[in-house]
Novice: 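I am attaching a structure below and will ask some questions about it afterwards.
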Amino acid sequence: MSIKEFVASIPVNKVGFKDIFGYEKTPRNLILTVLTFGLLAMFAAGVGLYLLHGHHAYNVTREHPWGLLLAAYIFFVVSSTGLCIIGSLGDVFGFKDYELISKRAIFGSIVTILSGFAVILFEIGHPVTMVIYNVLTPGLTSAIWWMGTLYGLYLTFMIIEFVFLLKGDAKFAKYFGLVGLIIGLAAHSNLGAVFGFLNARPISNGVYFPMYFILTAFITGVFIAYLFMGFRYKLKFPERVKKMLTNLGKIQIFLLSFLAFFMTWKMLTDLYGGMPNRADVAHHILGSWTFWAEVILVIVIPLLVLLKDMGRSHVAMFYASFSGMAGIAFMRYNLIHDTQVKPLQMLKVYEYQLPPTWIHYSPSAAEWMISLGGIGLCITLYYLGTKFFNLDADEGHAEQKA
Amino acid sequence: MARYGMALDYKNCIDCKACESACKEENGVLLGADKHRIWVGTKEVEGEFPFLSISSSGFVPSQCQHCEAAPCQEVCPTNATYYDENGVVRVDADKCILCTYCMNACPYDARYVDDRTMTVDKCNFCSDTRLARGETTTACQNTCPTKVRTFGDLDDPYSEISELLRRRDHYSLKAHLGTKPKLFYLT
């Protein structure tokens, strides 16, 4: 089969402009439409500000060079890796209960990483230079190089896997899915290593972040799975979806408990012994409201909902997943901010700045607009996907249909 | 090829800022407090008023440490940060993508963004200016009125810096990080 024939054989719905806007005009759908257009407009406005003012449109500084855009990028790629893991449960590992979400999750992983790339495109100062010199003079000791390169490769494999899923070719979907998953995990742990490799900043240095990134990706994937299924079935879940969500809920109980355990030990090791530049930063983190917002929204609320009846309150968990995702956004922002909050400056006391204190950062309008606009992109791409492709389990998942 | 380093007899520093001005002039560094390749740090006076330790007050000049194991070089995704033939840590502006990872990774906070090129910049021991012209000094060394700075080839046993380092006790900043800085503070 030639490539042209292969591409022509991919099942795609013939969708016109009318079909795209031909949805049920319920108040909820209309609000979502207005919200999405609003977010897309924000993205455009933010990009406009960036094009006019360059990096000066952002509130990043020499002391705090990474800002909200990087946090947003991490938010999206974590979501992508999480969805890849969820998608792989059925198609790669053969857990039958999860096959019904595989196609949707893999498509979601493509959509979220594309949104992440769209955001980071306006954070990197010279994206074209990046493409050229990433190839010509690769920095093989750089976690950013590996992260970016592997994510590019990962996206390719995810797209191929999705195509095979659409075609109902479970065998090839499994092969490409497995390789994509491995590359995705490698890419994502490298993203953790971007922080873990910072010897200059003891609060993040070490093996914690590469592993924590994978753990939180899985957690994010479960939250998004609830959101996907909630919207797909308008909270009236069929029995087989209920079964899958209950199982995912049980997995999430384990993952969230493990995260709490992980974070507790991270904090204790940070504080123990009072090591300079680590213990004081840990104290600072514990005193920040954003840290507690992260803990309450990601761990406490979802865990309470799940533990109430061991994951059987699917509707409640759908709403708790919004809390979880909001918390994950705090989690990413905290990660970015907390690693830079302690000044490195040595003795530049009163000539250039006030005596060294905590570094302050608050995102600019352009940063907010591009970051929130990324969510608009994500929703738009996902919605278009639901129109153009059949994201439900189909011939490829015959057993599920039975 | 040389292996350039700098010894700083920092207790001689009088905070006249001549080095900073000379650096900006020689290398065309933009004006502004946040755009600097070198700086003079001020040590706070220790003690509680009125029992202040005047002798604790002092000035500590600093800049890129030109580490032999530079974290900024390790983290650069495009190898825009590199060691030149003289062991000087340099930035190739053509390759810099402004990911600012090097700024985050540098333990000495020695980098800044040049607003003209929107790439990361820092001290390069006057490699583009004085060294390129065949001179063997840096602007900051040349202008210092109290001879705080001694610049030279660490591999040349007869160079002034090698002799100084043999003769005087010295330390490096954040040596525990293993970055092997080539700036030495004479005690």
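Residue numbering restarts at 1 for every chain, and letters A, B, ... go by the order of the sequence lines.
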Novice: Of all heavy-atom pairs between B:R149 and B:P61, which one has the smallest distance, and what is that distance?
Specialist: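 Nearest heavy atoms, B:R149 then B:P61: NH2-CB, 3.4 Å.
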Novice: Taking B:T179, B:N104, B:T100, B:L177 one by one, which has the highest count of heavy-atom pairs under 4.5 Å against chain A?
Specialist: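 Most heavy-atom pairs under 4.5 Å with chain A: B:N104.
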Novice: Quick one: pull up CD in B:Q73 and OG1 in B:T81 and give me the separation to the nearest 0.5 Å.
Specialist: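 The OG1 atom of B:T81 is 7.5 Å from CD of B:Q73, to the nearest 0.5 Å.
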Novice: Can we say B:D15 and B:K17 salt-bridge, meaning some charged N sits less than 4.0 Å from an Asp/Glu carboxylate O?
Specialist: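 Looking at B:D15 and B:K17, the cut-off is met.
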Novice: Does B:R90 come within less than 4.0 Å of B:D128, counting only side-chain N to carboxylate O?
Specialist: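 The answer is yes: the pair qualifies as a salt bridge.
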Novice: Could you look at A:V135 and say if it's the side chain, the backbone, both or neither that has a heavy atom under 4.5 Å from chain B?
Specialist: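 Neither part.
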Novice: Parallel under 30°, tilted from 30 to 60°, perpendicular over 60°: which one fits the rings of B:Y101 and A:W66?
Specialist: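 Taking A:W66 first and then B:Y101, their aromatic rings sit tilted (interplane angle of 30° to 60°).
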Novice: Donor-acceptor pair, distance only, cut-off 3.5 Å: does the side chain of B:N79 make one with the backbone of A:P138?
Specialist: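 Judged by distance alone, yes, a pair lies under 3.5 Å.
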Novice: Go through A:M147, A:M130, A:Q340, A:R201 and name the one with the most non-hydrogen pairs under 4.5 angstrom from chain B.
Specialist: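 Counting heavy-atom pairs under 4.5 Å, the top option is A:R201.
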Novice: Quickly, which of B:L154, B:L8, B:L173 forms a side-chain contact (heavy atoms from CB on, under 4.5 Å) with B:F184? Name it, please.
Specialist: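 Checked B:L154, B:L8, B:L173 against B:F184; only one passes side-chain contact (heavy atoms from CB on, under 4.5 Å): B:L154.
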Novice: For B:C99, which atoms come within 4.5 Å of any heavy atom of chain A: side chain, backbone, both, or neither?
Specialist: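 Both the backbone and the side chain of B:C99 come within 4.5 Å of chain A.
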Novice: Tell me, out of B:V113, B:D115, B:V120, who's got the most heavy-atom pairs with chain A below 4.5 Å.
Specialist: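 Top option by heavy-atom pairs under 4.5 Å: B:D115.
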Novice: Which bit of A:L198 comes within less than 4.5 Å of chain B, counting heavy atoms only: side chain, backbone, both or neither?
Specialist: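 Side chain of A:L198 only, per the 4.5 Å heavy-atom cut-off to chain B.
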Novice: Under a 4.0 Å N-O cut-off, is there an ion pair linking B:K147 with B:D9?
Specialist: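 The answer is no: the pair does not qualify as a salt bridge.
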Novice: Roughly how far, to the nearest 0.5 Å, is CZ of A:F213 from CG of A:L191?
Specialist: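 Reported value, rounded in 0.5 Å steps: 4.5 Å.
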Novice: Heavy-atom pairs under 4.5 Å with chain A are the metric here; pick the option from B:R111, B:E74, B:K95, B:M118 that has the most.
Specialist: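 The residue among B:R111, B:E74, B:K95, B:M118 with the greatest pair count is B:K95.
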Novice: Check whether the ring centres of A:H337 and A:H64 lie less than 6.0 Å apart, and answer yes or no.
Specialist: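 Yes, they do, as the ring centres are separated by less than 6.0 Å.
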Novice: If you tally heavy-atom pairs under 4.5 Å against chain A, which of B:I97, B:V75, B:T78, B:L98 wins?
Specialist: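 Maximum pair count with chain A is reached by B:I97.
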Novice: Quick check on the structure: residues of residues 46-56 of chain A within a heavy-atom distance below 4.5 Å of chain B, by number.
Specialist: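 The list, in residue order, reads A:H55, A:H56.
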